[in-house]
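Here's the structure, in structure tokens; my notes come after.
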Amino acid sequence: MVLTHSSHSKTLNLHHKLLDSTEAISTSSTCESSIATTSDGSGDFSCTEDLDDSSTLVRLRLRRRRWEVHQSVLEVIGQTAIIRLNRMPIPSGVEVYVKCESGNPGGSLKDRLAHGVIEWAEKHGMLRPGQTVIEASSGNTGIGMAMVCASKGYPFVCVMSESFSLERRKLMRFLGARVILTPAKHKASGMLIKAQELADKHGFFYTKQFENEANAWIHEQTTGPEIAKAFAQQGKRLDHFFMAYGTGGTILGLSRAFRHANMSTKVHLCEPSNAPMVKSGIPTKYPAPGEGPISSFETAHPLWSPHLFQGWATDFIPKLLATAKEEGGFQEIEHVASGDAIATSRLLAKSEGISTGISGGGILAAALRYAQCCKKGTTILAILPDTGERYLSTVLFEGIPAEMTEEEVMICNSTPSKPPPSAPSMSGILPADTDSLFDM
């Protein structure tokens with residue numbers, strides 16, 4: 001059992017909260033709250049409802065600072081940095097910011113999802129102590145799940161297509177997870193079918209990130225209010241927000257948070273230029289309960305084609321994204337070519353010192369392209385889902401050598417490279433004896 005859209009309004013009612021040491025912040029439309037809009041339209045939050053603490057992530061996010069002592073790695077998830085770009089090609093008078101989700105302890109935006117769905121399942125008795133958790137993931141959700149499950153003592157199994165980067169497999173296994181690979185030709189839908197098969201066979205708890213409303217809930221409670229509060233504190237109006245979709249949970253949760261905060265921000269949804277599924281308007285059909293091998297889709301989308309954006313645009317439109325569309329959660333659709341994404345990611349690293357993957361490069365490429373037509377005073381935010389280190393074995397790092405280049409060899413040879421002085425002799429002491437030599 002997972003939290004589904006049909007139970008959203010009834011079940012989430014009691015769990016919309018964000019507590020601060022001096023103020024309580026809520027993004028819930030069902031909360032008895034007063035939300036005042038500032039002169040710049042950014043929104044001010046206050047809530048008088050007595051809210052419980054069903055999620056550590058929600059309860060601590062806006063009052064626990066990262067430099068403080070924490071009781072668990074899970075308390076460090078969220079509150080990621082928003083950074084202004086200064087050396088990228090941005091028109092004068094336009095401000096472009098990025099929210100760097102690589103600052104999460106697992107290195108990506110998906111840490112939030114992993115913590116949220118696991119704590120929700122614990123809270124509602126869906127997950128037994130010691131039960132194995134399973135999810136189908138391109139890697140970032142899997143890494144986040146592996147981290148959360150390791151911290152809480154749950155075994156974790158990730159089902160992942162063999163087409164995704166080697167770094168992701170190794171990181172999950174490093175965190176104690178087991179990784180089951182599916183054939184690349186089976187695409188993302190094959191991953192989900194395999195995960196369901198294994199869950200049914202072995203009694204694993206399947207978190208179903210593509211349809212689990214707790215996925216959207218955690219972004220409505222944390223990511224969205226973080227953004228709203230950050231710009232309100234600066235006295236700035238956020239005009240445009242750019243992001244892509246994987247599960248659809250982030251855009252559904254963020255758009256709800258923006259709406260409840262009375263923000264006038266226009267949300268731009270990015271998708272691969274060679275897989276224009278959302279733009280096409282062709283919906284994904286979802287099977288009736290109990291029908292088909294998987295509840296997340298009936299058949300693959302006809303306009304999907306392979307692309308380089310790991311974690312973007314599976315071969316079906318997720319239920320959470322369909323819900324976001326129904327709710328008017330995004331106003332514009334931006335198409336991005338993989339070449340532009342790679343070039344932007346590399347330029348960001350060299351110009352600003354910020355590392356992001358192909359996904360982040362794609363989102364920022366769309367934001368920078370749009371910025372060229374904006375008037376002075378416009379403020380834009382792009383979310384960077386992960387770090388470039390997740391892509392070391394991919395085309396993003398193609399052509400970046402491990403050995404010294406000719407230029408580097410010339411620099412090296414410009415000085416004599418004198419050897420260091422020899423260490424003083426310590427005759428009679430064997431290497432095996434040196435461990436106790438300095439044991440004072």
Side-chain angles (χ1 to χ4, degrees), residues 55 57-58 61 66 73-74 76-83 97-119 135 137-148 158 164-165 167-168 171-172 207 209-210 212 214-228 230 241-258 267-271 309-314 318 320-321 324 329-330 341 345 348 354-364 366-367 381-391:
S55 170
L57 180 58
V58 169
R61 270 316 33 89
R66 285 192 165 222
V73 68
L74 305 182
V76 193
I77 298 172
Q79 294 206 94
T80 52
I82 294 176
I83 302 170
Y97 296 81
V98 291
K99 187 166 177 63
C100 298
E101 289 296 301
S102 61
N104 286 304
S108 86
L109 173 73
K110 298 296 187 175
D111 290 1
R112 299 176 187 262
L113 179 163
H115 194 185
V117 299
I118 293 298
E119 289 213 338
E135 184 54 272
S137 168
S138 64
N140 280 336
T141 295
I143 293 166
M145 283 287 189
M147 178 190 69
V148 171
C158 181
F164 296 120
S165 69
E167 293 86 349
R168 299 171 187 231
L171 278 168
M172 281 186 277
T207 52
Q209 62 168 326
F210 291 93
N212 191 332
N215 176 356
W217 166 78
I218 204 63
H219 291 292
E220 184 179 359
Q221 295 302 310
T222 65
T223 323
E226 285 175 26
I227 292 169
F241 176 72
F242 284 75
M243 67 167 299
Y245 73 90
T247 65
T250 308
I251 196 161
L252 177 57
L254 280 170
S255 61
R256 286 172 174 170
F258 289 171
V267 178
H268 299 250
L269 179 72
C270 302
E271 66 177 352
F309 298 97
Q310 297 189 31
W312 281 29
T314 55
L320 297 178
L321 183 64
F330 53 91
S345 179
L348 180 68
I354 298 173
S355 171
T356 191
I358 298 174
S359 297
I363 295 168
L364 183 57
L381 175 65
I383 199 162
L384 304 183
D386 62 8
T387 169
E389 293 178 14
R390 294 277 154 89
Y391 300 80

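If you read the sequence from its start, that first residue is 1, and numbering goes on from there.
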Next item on the list: Tell me, with the steps shown, if Val267 and Leu254 meet side chain to side chain contact (heavy atoms under 4.5 Å, CB included).
Entry: CA-CA 9 Å; Val267 178; Leu254 280 170; over 6 Å; no
Note to self: Between Gln209 and Thr247, does the side-chain hydrogen bond (donor to acceptor under 3.5 Å, both in side chains) criterion hold? Intermediate values first, please.
What the structure shows: CA-CA 7 Å; Gln209 62 168 326; Thr247 65; 4.9 Å; no
Notebook entry, point to check: Between CD of Glu389 and OG of Ser102, what distance do you get to the nearest 0.5 Å?
Noted result: 8.5 Å
Check: Do Leu113 and Met145 touch side chain to side chain, with heavy atoms closer than 4.5 Å?
Finding: yes
Note to self: Among Val148, Ile77, Leu74, exactly one meets side chain to side chain contact (heavy atoms under 4.5 Å, CB included) together with Pro105. Which residue is that?
What the structure shows: Ile77
Next item on the list: Working to the nearest 0.5 Å, report the span between OG of Ser108 and CZ of Arg390.
Entry: 5.5 Å
Check: Just by modelled atom types, is the Gly106 backbone N or O under 3.5 Å from a matching donor or acceptor in the Asn104 side chain?
Finding: no
Next item on the list: Please check if the side chain of Ser345 supplies one atom and the backbone of Ile358 the other of a donor-acceptor pair under 3.5 Å.
Entry: no
Notebook entry, point to check: Looking at side-chain heavy atoms only, is the closest gap between Leu109 and Lys99 below 4.5 Å?
Noted result: no
Checklist line | Sidechain N-carboxylate O distance under 4.0 Å for Glu226, Arg112 | finding: yes
Checklist line | Value rounded to 0.5 Å, distance of NZ in Lys110 from CG in Asn140 | finding: 7.5 Å
Item checked: Evaluation steps, side chain to side chain contact (heavy atoms under 4.5 Å, CB included), between Tyr245 and Leu320 -> CA-CA 10 Å; Tyr245 73 90; Leu320 297 178; over 6 Å; no
Next item on the list: Rounded to the nearest 0.5 Å, what's the gap from CD1 on Ile383 to NE2 on His219? Could you check?
Entry: 7.5 Å
Check: So, do Glu271 and Leu321 sit near enough that their side-chain heavy atoms are less than 4.5 Å apart?
Finding: no
Margin query: Applying ring pair (Phe, Tyr, Trp, His ring centres under 6.0 Å), can you list everything that pairs with Tyr97, at least two apart in sequence or on another chain?
Written below: Phe231
Next item on the list: With sequence neighbours excluded, tell me which residues meet ring pair (Phe, Tyr, Trp, His ring centres under 6.0 Å) with Phe210.
Entry: Phe316
Note to self: Tell me whether the rings of Phe242 and His268 are parallel (<30°), tilted (30 to 60°) or perpendicular (>60°).
What the structure shows: parallel
Checklist line | Contact summary for Ala367 and Ala382, nearest pair of heavy atoms | finding: CB-CB, 4.1 Å
Next item on the list: Dump the intermediate steps for side chain to side chain contact (heavy atoms under 4.5 Å, CB included) on Thr141 and Thr207, then the final yes or no.
Entry: CA-CA 11 Å; Thr141 295; Thr207 52; over 6 Å; no
Notebook entry, point to check: With Phe330, which residues qualify under ring pair (Phe, Tyr, Trp, His ring centres under 6.0 Å), at least two apart?
Noted result: none
Margin query: Within this structure, what is the OG-CZ distance for the pair Ser138 and Phe309, rounded to the nearest 0.5 Å?
Written below: 13.5 Å
Checklist line | Side-chain heavy atoms of Ile363 within contact of Thr356, under 4.5 Å | finding: no
Next item on the list: Could you give me the CA-CA distance, side-chain angles and deciding distance for Tyr391 and Ser355, then say whether side chain to side chain contact (heavy atoms under 4.5 Å, CB included) is met?
Entry: CA-CA 11 Å; Tyr391 300 80; Ser355 171; over 6 Å; no
Check: Are any of the side-chain heavy atoms of Cys270 and Trp312 separated by less than 4.5 Å?
Finding: yes
Check: When rounded to the nearest 0.5 angstrom, what is the spacing between CD1 in Ile83 and CD1 in Ile354?
Finding: 4.5 Å
Checklist line | Heavy-atom side-chain contact between Ile218 and Glu119 under 4.5 Å | finding: no
